[in-house]
Amino acid sequence: MKKMINFIKLLFKPSVLMADIGLLSLRILPSYFMFFEHGWGKISNPQKWEKLGSSLTQYLNISIDSINIFFGFAASFSESICTIFIFFGFFTKPSTFLLSFTMFVAGMKHVTGTGSPENAFVYFSIFLALFFLGPGKYSIDHIFYLEGDINDKKN
């Protein structure tokens with residue numbers, strides 16, 4: 001009976017440990033999929049950068065074609081390098097901000113163009129939540145005190 005009560009407490013009583021494990025899984029799983037399904041193919045293929053960058057310039061109605069490569073590289077960088085940073089919890093806030101912005105632009109491109117925006121907006125939601133919540137206790141940022149943790153009670 002006591003084991004059952006402990007199990008019920010584990011399920012329904014919020015704890016700092018469970019929150020940190022939740023943040024860890026929220027960082028690792030989407031980062032893994034983002035890197036291998038989207039980021040690696042883009043950062044390793046510079047020929048795609050101009051087309052990627054044109055998504056933002058078309059959406060903002062900017063007619064400077066030479067800036068497309070820069071924006072394409074920035075999108076590739078956020079979907080690959082920033083994703084690795086998020087995976088390990090290193091520079092998590094700036095990385096999640098860049099990746100959230102990239103996913104918002106990708107989602108809006110699909111809303112106004114073709115394809116489904118669902119994946120882009122799901123990734124946007126996950127990385128935006130991580131931006132506000134921080135990386136959690138199990139991160140490089142926490143080890144080096146680069147970012148505060150929502151569970152810290154220090155003033």
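Counting from 1, the numbers follow the sequence of the chain as shown.
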Can you name the nearest heavy-atom pair linking [X] to [Y], along with the distance?
| X | Y | result |
| --- | --- | --- |
| Pro30 | Ser25 | CD-O, 3.6 Å |
| Phe87 | Arg27 | O-NH2, 3.3 Å |
| Phe127 | Met34 | CE1-CE, 4.5 Å |
| Ile43 | Phe73 | CD1-CE1, 4.0 Å |
| Pro135 | Gly89 | CB-CA, 4.4 Å |
| Tyr138 | Leu24 | O-CD1, 3.7 Å |

> Who pairs with Ser139 by side-chain hydrogen bond (donor to acceptor under 3.5 Å, both in side chains), at least two apart in sequence or on another chain?
Replying inline: none
N/O donor to acceptor pairs below 3.5 angstrom from side-chain atoms of residues 95-115, sequence neighbours left out:
| residue | atom | partner | partner atom | Å |
| --- | --- | --- | --- | --- |
| Ser95 | OG | Phe91 | O | 2.8 |
| Thr96 | OG1 | Thr92 | O | 2.9 |
| Thr96 | OG1 | Lys93 | O | 3.0 |
| Ser100 | OG | Thr96 | O | 2.7 |
| Ser100 | OG | Leu128 | N | 3.1 |
| Thr102 | OG1 | Ser78 | OG | 2.8 |
| Thr102 | OG1 | Leu98 | O | 2.9 |
| His110 | ND1 | Thr114 | O | 2.9 |
| Thr112 | OG1 | Met108 | O | 2.9 |
| Thr112 | OG1 | Lys109 | O | 3.4 |

> Of all residues at least two apart in sequence or in a different chain, which pass the ring pair (Phe, Tyr, Trp, His ring centres under 6.0 Å) check with Phe33?
Replying inline: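 Counting only residues at least two positions away or on another chain, Phe33 forms no ring pair (Phe, Tyr, Trp, His ring centres under 6.0 Å).
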> What residues, two or more places apart in sequence or in another chain, satisfy ring pair (Phe, Tyr, Trp, His ring centres under 6.0 Å) together with Tyr32?
Replying inline: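 With sequence neighbours excluded, Tyr32 shows a ring pair (Phe, Tyr, Trp, His ring centres under 6.0 Å) to Phe36, given in chain and number order.
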> Do the ring planes of Phe35 and Trp40 sit parallel (below 30°), tilted (30 to 60°) or perpendicular (above 60°)?
Replying inline: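 Taking Trp40 first and then Phe35, their aromatic rings sit tilted (interplane angle of 30° to 60°).
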Output the distance between atom [atom1] ([X]) and atom [atom2] ([Y]), rounded to the nearest 0.5 Å.
| X | Y | atom1 | atom2 | answer |
| --- | --- | --- | --- | --- |
| Ile86 | Ile81 | CD1 | CD1 | 11.5 Å |
| Phe77 | Phe71 | CZ | CZ | 15.5 Å |
| Glu37 | Glu79 | CD | CD | 12.0 Å |
| Phe121 | Asn119 | CZ | CG | 11.5 Å |
| Leu23 | Lys137 | CG | NZ | 12.5 Å |

> With sequence neighbours excluded, what pairs up with Leu26 under the side chain to side chain contact (heavy atoms under 4.5 Å, CB included) test?
Replying inline: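 Leu26: side chain to side chain contact (heavy atoms under 4.5 Å, CB included) contacts with Ile126, Leu130.
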>> Checking Asn68 now: which residues fulfil side chain to side chain contact (heavy atoms under 4.5 Å, CB included) with it, not counting sequence neighbours?
In response: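 Testing Asn68 for side chain to side chain contact (heavy atoms under 4.5 Å, CB included), a comparison that skips the adjacent residues, returns Glu50, Ser54, Thr57, Asp65.
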> Just checking, is any N or O donor in the side chain of Ser76 or Trp49 under 3.5 Å from an acceptor N or O on the other one?
Replying inline: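 Distance-only check passes for Ser76 and Trp49.
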>> With a sphere of 6.0 Å drawn around CZ of Phe88, does it hold more than 12 non-hydrogen atoms of other residues, nucleotides or ligands?
In response: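 No.
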> Are Ile28 and Ile21 linked, directly or through other ILVMFWY residues, by side chains that come within less than 4.5 angstrom of each other?
Replying inline: yes
